[in-house]
Amino acid sequence: MKNTFQAPKGTRDFMPEAMAVRRYIEETWRRVSVRHGFLEVDGPTFESLELYKVKSGDEIVSQLFSFRDRGDRDLALRPEFTPTLARMVAAQAQGLPRPIKWFSIPRCYRAEQPQKGRLREFVQWNVDFLADPSPRCEQECLMLCIETLREFGLQAGDFRIGWNNRDWLTQALTSTFVAPERVGDAYFILDRLAKLDAAGRRELYAQRQCPPQEQSQFDLFAVAISSEPAAQDALAQIMDAWPQEVRDGIKAFESRLADIGLGEYCRFDLSVVRGLAYYTGFVFEVLDAKSHNRAMAGGGRYDRLIETFGGPGMPAIGFGMGDVVLEIVLRERGVLPRQLLSAPDVFVLSALPDEQPVQQVLMALRRSTWDSANQRIAQAGLHAVASYKATRNIGKLLPEAVASGAKVAVILAPEEQARRVAKIKNLVTRSEREVPLDATTLAAQVRAELQSC
RNA sequence: GUGGGUUUAGCUCAGUUGGCAGAGCACGAGGUUGUGGUCCUCGGGGUCGCGGGUUCGAGUCCCGUAAUCCACCCCA
């Protein structure tokens with residue numbers, strides 16, 4: 001390896017095929033977001049370091065790529081988009097039409113140890129619905145999230161969405177067996193319960209100094225969120241003790257989801273609490289249903305975040321979905337389209353000794369025409385390519401034309417050139433016809449041939 | 001930050017107790033200046049991740065280091 005430079009740890013090079021996959025993912029996110037009435041925004045790739053400390057505290061700083069500029073300002077590459085969004089909204093809150101439905105597709109950076117599904121540079125689709133306290137926001141976010149996964153070819157059995165509500169859960173816990181000052185510890189435990197066996201749980205209880213009555217209850221939670229047959233009974237037993245209004249709230253939300261056809265994807269899930277402190281009510285996670293990948297997406301309500309960033313009090317809900325886990329899941333399911341690099345419309349091949357005629361034909365095919373009266377492109381140029389091989393053997397060039405995916409070929413050769421014609425070959429039907437070797441006429445005839453495909 | 005696997009051609013990988021650096025695919029040229037992914041021949045390509053050490057001699061053994069994969073910690 002003569003070149004000793006490598007891409008930095010946790011980053012990716014996007015060669016044409018990989019780039020096409022990334023574009024496909026981003027374009028799908030964008031298309032479905034727009035369809036659901038969200039507007040695209042973006043912000044700076046780096047922000048002042050303080051912006052990230054406000055929300056998350058110093059602990060998080062060690063996972064940031066931070067640096068200092070020549071004016072001694074501390075800056076950091078964005079690890080997520082939400083602080084930027086909160087800053088933008090807080091600054092402009094008075095003048096924005098409401099509700100605010102925004103999405104963004106930023107590249108984000110985290111100085112973590114890379115592993116499966118987690119890199120140091122990634123693309124994360126962010127969706128936020130602000131200035132509306134109604135549960136229709138929850139619904140629309142889930143609707144968009146699910147519709148997007150379906151657009152990628154995933155089906156109900158491929159993923160599941162676990163949801164919870166921190167307000168209700170807190171109410172339920174404190175009215176049953178958790179002292180108010182221990183709610184934080186309870187969340188910490190619930191967040192990890194699904195991954196632990198009995199021994200692991202005892203260790204966790206000791207670490208968080210659980211009183212004995214908590215321990216037996218959490219053991220019951222562990223059964224309820226497991227895949228054991230007893231799970232349903234355990235869940236029913238737990239919820240029987242909960243306040244009536246909490247149980248009614250869960251039922252009502254389930255019924256709302258069922259009304260719009262999302263019932264089969266979503267399930268109330270005790271173990272989904274999300275680590276982040278700023279979530280205030282509804283929270284959810286999208287999990288891969290068939291293997292053990294990391295969460296594909298997650299989010300929730302953060303009604304107090306905008307004021308934290310100096311804006312007015314404003315209800316808000318949002319979620320994020322990263323490209324890394326998503327691509328892994330799409331590959332595992334075999335639903336990534338095979339041909340993502342766009343195939344040319346027309347392939348020009350030439351047996352002429354001079355290459356200039358090829359360039360003339362390419363120019364005519366590729367040129368767009370502008371409609372100045374209507375300020376738009378009247379006719380878009382064709383995607384036209386030619387072979388760069390040295391051979392002038394048509395028999396060798398045709399396979400290249402076919403492999404390119406082009407439906408039509410233009411063949412330039414001495415005999416035809418002498419008669420001032422070129423051949424247009426339909427690569428699908430294999431039929432050929434001769435047309436005048438005038439670049440403009442030729443381009444028109446190629447368009448006509450493409451129409452017939 | 002911790003532990004384990006891996007690193008040889010553009011890609012996927014062989015490489016024997018330490019003895020001349022290999023295959024397939026891909027790429028390029030020709031066989032065949034004129035018609036469909038075939039076939040045949042030839043070719044370009046490598047400091048064997050990087051740096052030390054042992055040895056007459058290291059892709060191979062030892063030490064260090066980087067990247068990568070997997071699992072922890074963490075996870076916005």
Side-chain angles (χ1 to χ4, degrees), chain A residues 1-13 15-18 51-57 59-64 76-86 106 108-120 122 124 126 188 191-192 195-196 200 207 273-279 283 285 292-295 297-300 302 305 318-322 324-325 328 347 349-354 387-406 409-418 422-432:
Chain A
M1 203 78 61
K2 197 153 208 156
N3 181 1
T4 56
F5 289 112
Q6 295 175 303
K9 176 199 276 244
T11 65
R12 291 168 289 178
D13 293 328
M15 304 295 266
E17 288 77 14
L51 186 74
Y52 300 116
K53 286 186 179 173
V54 166
K55 193 184 95 176
S56 312
E59 173 74 21
I60 287 308
V61 173
S62 65
Q63 308 216 333
L64 292 176
L77 295 181
R78 60 186 174 198
E80 59 167 331
F81 190 69
T82 306
T84 297
L85 176 120
C108 296
Y109 305 84
R110 295 179 189 175
E112 296 180 299
Q113 191 66 249
Q115 57 186 276
K116 187 176 186 186
R118 192 163 71 177
L119 300 175
R120 290 182 158 193
F122 54 96
Q124 183 172 284
N126 278 88
F188 187 92
D191 203 18
R192 288 158 178 77
K195 284 192 269 185
L196 298 174
Q207 183 202 336
V273 296
R274 309 285 297 162
L276 218 55
Y278 65 71
Y279 286 120
V283 287
E285 249 168 37
H292 297 94
N293 287 308
R294 313 176 68 80
Y302 48 96
L305 192 68
F319 69 89
M321 179 184 292
V324 183
V325 175
I328 291 171
F347 197 104
L349 45 95
S350 166
L352 301 177
D354 180 15
S387 177
Y388 293 98
K389 285 184 197 296
T391 182
R392 288 185 289 280
N393 184 337
I394 299 294
K396 280 192 187 302
L397 294 173
L398 267 174
E400 190 185 351
V402 173
S404 77
V410 171
I411 300 175
L412 305 175
E415 185 206 320
E416 285 82 353
Q417 190 188 37
K423 277 183 178 168
I424 290 181
K425 184 179 179 80
N426 186 316
L427 293 172
V428 180
T429 64
R430 303 195 176 198
S431 66
E432 278 185 2

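Order of the sequence lines fixes the chain letters, A, B, ..., with proteins taken first and strands second; residue numbering starts at 1 for each chain. All values derive from a computational prediction rather than experimental measurement. Side chains are part of it too, since the values below use all heavy atoms of this structure and drop only hydrogens, waters and symmetry mates.
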Is the backbone of A/M15 close enough, under 3.5 Å, to the side chain of A/D13 for a donor and an acceptor to pair up by distance?
-> no
Side-chain donor/acceptor of A/E432 to base of B/G34, under 3.5 Å = no
Flag the pair A/L349 / A/I394 as yes when at least one side-chain heavy-atom distance between them is below 4.5 Å, and no otherwise.
-> yes
Classify the side chain of A/N393 and the base of B/U32 as holding, or not holding, a donor-acceptor pair under 3.5 Å.
-> yes
Does A/Y302 have any ring pair (Phe, Tyr, Trp, His ring centres under 6.0 Å) partners at least two apart in sequence or in another chain, and if so, which?
-> A/Y278
Selected nucleotide, minimal atom distance to A/F188 side chain, candidates B/U33, B/C74, B/U32 = B/C74
Closest heavy-atom pair, A/V324 versus A/R118, reported as atoms and distance to 0.1 Å, is CG1-N, 4.1 Å
Could you list all N or O pairs between the protein and nucleotides 27-30 of chain B that sit under 3.5 Å apart?
unit_1 : atom_1 : unit_2 : atom_2 : d
B/G28  : OP2    : A/K389 : NZ     : 3.1
B/A29  : OP1    : A/A390 : N      : 2.7

Is A/P8 touching bases, backbone alone, or none of the nucleic acid, heavy atoms closer than 4.0 Å?
-> sugar-phosphate
Closest non-hydrogen contact found for A/Y279 with A/G300 is CE2-N, 3.3 Å
Are any non-hydrogen side-chain atoms of A/Q124 and A/R78 less than 4.5 angstrom apart?
-> no
State, with a plain yes or no, whether a side-chain heavy atom of A/T82 is found less than 4.5 Å away from one of A/L305.
-> yes
Taken to the nearest whole Å, CD/A/Q115 to C1'/B/C69 is 11 Å
What integer distance in Å separates A/D191:CG from B/C75:P?
-> 8 Å
B/A58 versus B/G52 - spacing of their P atoms, nearest Å | 13 Å
Using a 3.5 Å cut-off on both pairing distances, which stems of three or more Watson-Crick or G-U pairs include RNA chain B?
-> B:1-7 with B:66-72, B:10-13 with B:22-25, B:27-31 with B:39-43, B:49-53 with B:61-65
Can you find a pair of side-chain heavy atoms, one from A/K389 and one from A/K396, that are under 4.5 Å apart?
-> no
Nearest heavy-atom pair of A/R110 and A/P79: which atoms, and what distance?
-> NE-O, 2.8 Å
Given the C1' atoms of B/U8 and B/G59, what is the spacing between them in whole Å?
-> 7 Å
Quickly work out the A/R192 CZ to B/C74 C1' distance and round it to whole Å.
-> 8 Å
Checking all strands, does A/G300 fall into the base, sugar-phosphate, or nothing category for heavy-atom contacts under 4.0 angstrom?
-> nothing
For A/S350, side-chain contact (heavy atoms from CB on, under 4.5 Å) partners two or more places apart = A/L352, A/V358, A/L412
Taking only nitrogen or oxygen atoms into account, show me every contact under 3.5 Å that the protein makes with nucleotides 36-38 of chain B, one pair per line with its distance.
unit_1 : atom_1 : unit_2 : atom_2 : d
B/G36  : O2'    : A/R430 : NH2    : 3.3
B/G36  : N1     : A/L427 : O      : 2.9
B/G36  : N2     : A/L427 : O      : 3.3

If each of A/K9 and A/T82 is mapped to the nucleotide of RNA chain B with the nearest heavy atom, which maps nearer the 5' terminus, i.e. the 5' end?
-> A/K9
Between atom CG in A/L119 and atom P in B/U68, what is the gap in whole Å?
-> 9 Å
Going by heavy atoms in the side chains, are A/Y52 and A/T84 under 4.5 Å from each other?
-> yes
Could you tell me the separation between the CD atom of A/E17 and the P atom of B/G10, rounded to a whole number of Å?
-> 17 Å
Which one, B/C69, B/U35, B/C75, comes nearest to the side chain of A/P114?
-> B/C69
Using the C1' atom on both, measure B/C13 against B/A26 and round to a whole Å.
-> 14 Å
Please state the C1' separation for the pair B/C61 and B/C48 - nearest whole angstrom.
-> 16 Å
Are side-chain heavy atoms of A/N126 and A/P106 found at a separation under 4.5 Å?
-> yes
Measure from the side-chain heavy atoms of A/R118 and tell me the nearest of B/C73, B/A76, B/U68.
-> B/C73
Between B/U16 and B/G49, how far is it from one P atom to the other, in whole Å?
-> 14 Å
Roughly how far apart, to the nearest Å, are B/U7 and B/U60 at atom C1'?
-> 14 Å
For nucleotides B/A66 and B/G57, find the distance between their P atoms and express it as a whole number of Å.
-> 29 Å
With rounding to whole Å, what would you report as the distance between B/U17 and B/G3 at their C1' atoms?
-> 32 Å
Please tell me which of the listed nucleotides, B/U32, B/C74, B/U33, lies nearest to the side chain of A/R294?
-> B/C74
Could you check how far CZ of A/R110 sits from P of B/C75, rounded to whole Å?
-> 11 Å
Name the nucleic acid region contacted by A/I411, choosing base, sugar-phosphate or nothing; use a 4.0 angstrom heavy-atom cut-off, strictly under.
-> base
Testing B/C75, B/A76, B/G1 for proximity to the side chain of A/Q113, the answer is B/G1
Protein-nucleotide distance (A/D13, atom CG; B/U68, atom C1'), rounded to Å | 13 Å
With A/S387, which residues qualify under side-chain hydrogen bond (donor to acceptor under 3.5 Å, both in side chains), at least two apart?
-> A/E400
Which atoms form the tightest heavy-atom contact between A/C108 and A/E80, and what is the distance?
-> SG-CA, 3.9 Å
Roughly how many Å is it from CD in A/Q207 to P in B/C72, rounded to a whole number?
-> 16 Å
